Amino acid sequence: MSDLATLDLEALAVNTIRMLSVDGVQKANSGHPGLPMGAAAMAYVIWQRHLRHNPADPTWVNRDRFVLSAGHGSMLIYSLLHLTGYDLPMDEIKQFRQWDSKTPGHPENFMTPGVETTTGPLGQGLANGVGFAMAEAHLAATLNRDGHDVIDHYTYAIVSDGDLMEGVASEAASLAGHLKLGKLIYLYDDNEITIDGTTGIAFTEERGKRFEAYGWHVTHVADGNDLDAIDAAINEAKAVTDKPSLIVCRTIIGFGSPNKADSSDAHGSPLGPDEVALTKQNLGWPSDEPFFVPDDAYAHFREALARGAAQQQAWNAQYDAYRTAHPDAATTFDQWFSGDLPEGWKDAVPTFEPGKKVATRNASGTVLNAVAGVMGNLFGGSADLAKSNKTDLKGEHEFQPGAYDGRIIRFGVREHGMAAICNGLHQHGGLRAYCATFLVFSDYLRPSMRLAALTHTPVIYVFTHDSIGLGEDGPTHQPVEHFMALRCIPNATFIRPADANETADAWIAALENTSGPTALALSRQNLMTFDPVVTKGGTQKGAYVLSDSEGTPDVILMASGSEVEIIAAAADTLREAGHAVRVVSVPSWELFDAQGADYREQVLPKAVTKRIAVEAGVTFGWERYVGDEGQIIGLDRFGASAPYEVLYEKFGFTLEHVVASAEDMLGS
């Protein structure tokens with residue numbers, strides 16, 4: 001048993017982190033005390049001996065980034081933020097996991113000053129950190145000038161056994177090793193405990209050797225409480241500039257708890273009042289004063305304010321010299337980090353000639369290249385499908401070791417890691433991230449897209465081969481339920497354009513959306529290009545009248561994407577038979593539902609109850625637009641392998657079927 005009077009200042013500080021975390025979890029009667037108790041020493045070394053940050057300005061551009069990938073141990077980072085002087089007062093620590101507090105159950109970057117990314121789903125933070133490091137490398141290579149390294153910082157993280165088990169972490173770690181990201185330093189909390197028991201029940205591989213095989217620099221610290229050994233390992237990692245580093249620290253979960261340390265009992269439940277008292281007694285901590293912080297510990301941690309202010313002031317002077325020597329580069333720097341789109345950028349967006357057949361994936365590639373020409377910070381790539389997704393930038397080179405200024409990212413076949421990395425790319429600041437794959441593989445990355453939506457991160461997803469229209473590859477590659485699956489994600493925008501000009505408008509909507517992700521669903525097959533005078537701006541409203549009848553329509557035909565061409569042709573046939581028909585293109589439910597009631601009534605008047613919706617996907621959900629008297633022509637089964645023209649005929653996505661359905665509805 002120790003006593004406060006016998007502890008040196010650093011030991012006192014480490015125990016302050018431990019006990020503040022324990023008290024927060026205990027008051028909430030919910031949370032994970034074990035990780036903060038076991039990882040407190042390594043966190044202390046990062047934050048007090050290495051991390052360049054200014055608690056008074058959490059948005060300082062050149063700060064080091066810290067990620068608590070093991071987000072279940074959130075009281076660790078909340079304790080550090082409070083102690084070092086961020087805008088997180090003790091009242092917030094005492095409201096851990098409570099309604100409307102800044103200390104939610106898992107770290108949320110949009111809720112808590114100083115939290116860089118939202119973590120908790122294991123592996124995500126590890127992958128986000130790879131995105132931070134990639135962003136740093138790209139921005140440094142692009143914006144720095146000789147003698148003016150205005151972008152020069154590290155990304156640190158604490159990762160857990162659970163993080164290393166997840167597939168998304170393996171994908172991201174593999175890519176990080178290939179890219180030789182030398183400013184990426186992870187400390188692995190190797191406590192050998194999981195919720196179900198020890199790691200020996202399911203996780204017995206040599207983790208260090210696995211990361212060495214990925215191309216990482218790996219070191220081991222035998223005692224996770226040895227501050228100097230941890231410090232030396234971090235310094236060694238900094239000296240290795242051509243590899244990311246993993247420092248394997250052997251720790252004891254719940255360190256200090258007499259009865260629960262080194263067991264799964266310390267993982268996901270409060271210690272309990274009796275064990276909290278015993279732990280405080282064991283560590284020589286006052287037991288009658290919850291949330292006790294010694295004055296010496298406060299003073300020591302708050303040195304971060306003066307230290308950070310001096311570091312940022314020195315950087316400000318460095319940046320002023322950069323601006324004087326390279327005013328054009330500084331202007332670019334300011335514009336990129338403002339998050340604003342460059343003036344006049346829409347002028348670069350092309351308009352496509354009506355009457356021509358163009359696959360929307362091809363139109364998207366044309367628009368992407370045009371916009372990238374005026375948006376130098378548009379940065380992304382594909383999961384090994386660039387030629388199919390049409391995401392390569394002409395005249396640009398790949399982001400690779402020795403060529404970090406390249407704008408084309410080769411993510412490899414790593415959809416989940418790709419999306420999580422893109423979250424980190426954008427959250428770093430200065431860049432606008434996009435990524436691509438086939439729509440059916442959105443299933444592989446959905447958890448990362450969900451986090452993009454949760455964190456208001458405007459990553460753009462280019463999803464091609466968007467329906468049974470991809471043809472012969474068959475049902476394994478034909479998305480059916482995916483439109484609805486993506487529409488269900490709160491704060492995500494799903495856009496399925498009907499032609500090349502809607503695709504151009506979809507890119508405008510995606511780039512103007514700064515509050516969440518946008519998914520573009522694009523066709524492999526060629527589609528008719530409609531009159532841009534008619535379609536212009538309609539996509540941004542989510543739905544619009546493509547063609548209309550005189551007076552009140554007898555029936556409304558509506559569709560998204562490739563099926564709009566079908567209903568447009570069906571409408572012509574029905575009009576020839578004397579029916580008044582309105583054709584509505586519905587590229588985005590989210591954008592349409594966001595419009596005012598008056599506009600929605602103009603497009604879909606309540607008085608017209610005979611409506612048909614056509615979409616080559618599950619019918620679920622279209623009821624909101626067709627109503628009780630309407631009909632939905634969709635696909636409530638998996639597709640098949642055949643040429644797309646055959647599939648559309650067999651599954652009823654034809655002019656004739658739409659006409660027959662309308663005539664039956666109209667009683668003709």
Side-chain angles (χ1 to χ4, degrees), residues 466-469 475 478-481 483-484 487 496 498-499 523 525 527-528 530 534 538 542-589 592-593 600-640 642-668:
D466 76 331
S467 71
I468 58 171
Q478 292 167 359
V480 173
E481 72 277 24
F483 303 158
M484 282 308 308
R487 286 169 177 150
R496 187 175 183 235
D499 77 338
S523 74
Q525 73 272 31
L527 303 178
M528 180 63 67
F530 299 111
V534 177
Y544 66 98
V545 177
L546 182 64
S547 67
D548 209 358
S549 61
E550 293 184 7
T552 303
D554 300 324
V555 64
I556 297 174
L557 305 181
M558 66 186 82
S560 76
S562 45
E563 289 72 67
V564 173
E565 181 178 328
I566 296 170
I567 65 169
D572 290 340
T573 300
L574 289 166
R575 287 167 185 150
E576 290 173 2
H579 299 294
V581 182
R582 171 174 291 184
V583 174
V584 175
S585 177
V586 190
S588 175
W589 293 14
F592 183 57
D593 291 347
R600 286 184 276 121
E601 171 66 18
Q602 289 173 24
V603 176
L604 298 176
K606 293 183 179 65
V608 183
T609 58
K610 291 180 170 55
R611 305 175 179 186
I612 297 175
V614 184
E615 186 173 69
V618 295
T619 57
F620 174 75
W622 277 100
E623 298 88 352
R624 69 169 65 189
Y625 298 128
V626 301
D628 293 339
E629 297 182 38
Q631 181 180 344
I632 307 164
I633 299 174
L635 193 64
D636 290 316
R637 54 153 287 177
F638 293 115
Y644 82 88
E645 298 92 342
V646 174
L647 295 174
Y648 268 68
E649 179 185 355
K650 296 294 185 182
F651 291 130
F653 297 105
T654 62
L655 177 157
E656 292 79 12
H657 186 206
V658 175
V659 168
S661 299
E663 288 180 335
D664 181 64
M665 179 179 288
L666 293 167
S668 302

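Remember, predicted model here, so these are calculated numbers, not experimental data.
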Let me see the working for D664 and Q631 under side chain to side chain contact (heavy atoms under 4.5 Å, CB included), right down to the final yes or no. CA-CA 11 Å; D664 181 64; Q631 181 180 344; 5.5 Å; no

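- Rounding to the nearest 0.5 Å gives a distance of 10.5 Å between CG of D554 and OG1 of T609.
- For the pair D499 and V564, the minimum side-chain heavy-atom distance is 4.5 Å or more.
- Put simply, the side chain of E615 does not reach to within 4.5 Å of the side chain of V586, judged on heavy atoms.
- Closest approach of Y648 and S562 over heavy atoms only: OH-OG, 3.0 Å.
- Residues E481 and F638 meet the side-chain proximity criterion, which asks for heavy atoms closer than 4.5 Å.
- Here the straight-line distance linking atom CD1 of I612 with atom CD1 of I632 works out to 11.0 Å at 0.5 Å rounding.
- At a threshold of 4.5 Å between non-hydrogen side-chain atoms, the residues Q478 and L647 count as touching.
- For the pairing with R496, the side chain to side chain contact (heavy atoms under 4.5 Å, CB included) check across S523, P587, S560 returns one residue only, S560.
- The two atoms that bring P475 and G639 nearest to each other are CB-O, 3.6 Å, heavy atoms only.
- Remark: L557 CG to L546 CG distance equals 11.0 Å, nearest 0.5 Å.
- Distance check: E656 CD to S661 OG gives 11.5 Å after rounding to the nearest 0.5 Å.
- With contacts defined as side-chain heavy-atom distances shorter than 4.5 Å, the pair I556/P605 qualifies.
- The heavy-atom pair separating L604 from R611 by the smallest distance is O-NH2, 3.3 Å.
- Across every non-hydrogen atom of V545 and V603, the tightest pair is CG2-CA, 4.3 Å.
- Listed here is the closest heavy atom pair of A571 and V583: CB-CG2, 3.3 Å.
- Rounding to the nearest 0.5 angstrom, the gap separating the CZ atom in R600 from the NZ atom in K606 is 7.5 Å.
- Remark: the backbone N or O of L527 is not paired with any side-chain donor or acceptor of E565 at under 3.5 angstrom.
- Residues V614 and F653 meet the side-chain proximity criterion, which asks for heavy atoms closer than 4.5 Å.
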Please report the C-alpha distance between F620 and F483 in whole Å, then the side-chain angles of each, then the deciding distance to 0.1 Å, and finally whether the side chain to side chain contact (heavy atoms under 4.5 Å, CB included) criterion is met. CA-CA 10 Å; F620 174 75; F483 303 158; over 6 Å; no

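- In this structure the side chain of V584 never reaches within 4.5 angstrom of the side chain of Y625, judged on heavy atoms.
- Formation of a donor-acceptor pair under 3.5 Å by the E576 side chain with backbone atoms of L574 is not found in this model.
- Within the 4.5 Å cutoff, no side-chain heavy atoms of F651 are placed close to those of H657.
- Considering all non-hydrogen atoms of both residues, V581 and R575 come closest at O-NH2, 2.8 Å.
- Separating the CD atom in Q525 from the CD1 atom in I468 is a distance of 9.0 Å, to the nearest 0.5 Å.
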